[in-house]
Asks: 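Provided herewith is a single structure, encoded as structure tokens, for subsequent inquiry.
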Amino acid sequence: MTKVLLKRRIKSLNRLLLSTISNSHSSNITISKDKNSELDPYFYERQKELHQIPDDIKNGNIEMVSHETLWGNVKNHLKTIKTK
């Protein structure tokens, strides 16, 4: 698996996880500026995406997945990593 495909798969799994979490815990999620965030060139991009998730869910731009589907996807992903 190439790095690009792996990054896309991880990003996809992250979105699934974040959308599931934000549905039930959105009032408990906070993101604040951290001195270490300057070392991560993608921090602000991910921060913007995370803050957009609740609106995307309300607008129907993101489809919510069930807990079983999410963890099934994670397990399948881990199987592909272990076999290579």
Asks: Would you say Val74 and His77 make side-chain contact, with heavy atoms under 4.5 Å?
Replies: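 Of all side-chain heavy-atom pairs linking His77 with Val74, none is under 4.5 Å.
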
Asks: Rounded to the nearest 0.5 Å, how far does NZ of Lys75 lie from CG of Leu78?
Replies: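 Here the interatomic distance stands at 10.0 Å.
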
Asks: Please determine whether residues Ile53 and Tyr42 belong to a single hydrophobic cluster, defined as Ile, Leu, Val, Met, Phe, Trp and Tyr linked transitively by side-chain heavy-atom distances below 4.5 Å.
Replies: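 The answer is no; the residues belong to distinct hydrophobic clusters.
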
Asks: Show your reasoning for whether side chain to side chain contact (heavy atoms under 4.5 Å, CB included) applies to Asn76 and Lys79.
Replies: CA-CA 5 Å; Asn76 287 338; Lys79 286 178 189 176; 4.2 Å; yes

Asks: Which residues satisfy the side chain to side chain contact (heavy atoms under 4.5 Å, CB included) test with Glu68, sequence neighbours excluded?
Replies: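 Side chain to side chain contact (heavy atoms under 4.5 Å, CB included) check on Glu68 returns Ser66.
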
Asks: To the closest 0.5 Å, what do you measure between CD1 (Ile62) and CD (Gln52)?
Replies: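 Taking CD1 in Ile62 and CD in Gln52, the distance rounds to 8.0 Å.
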
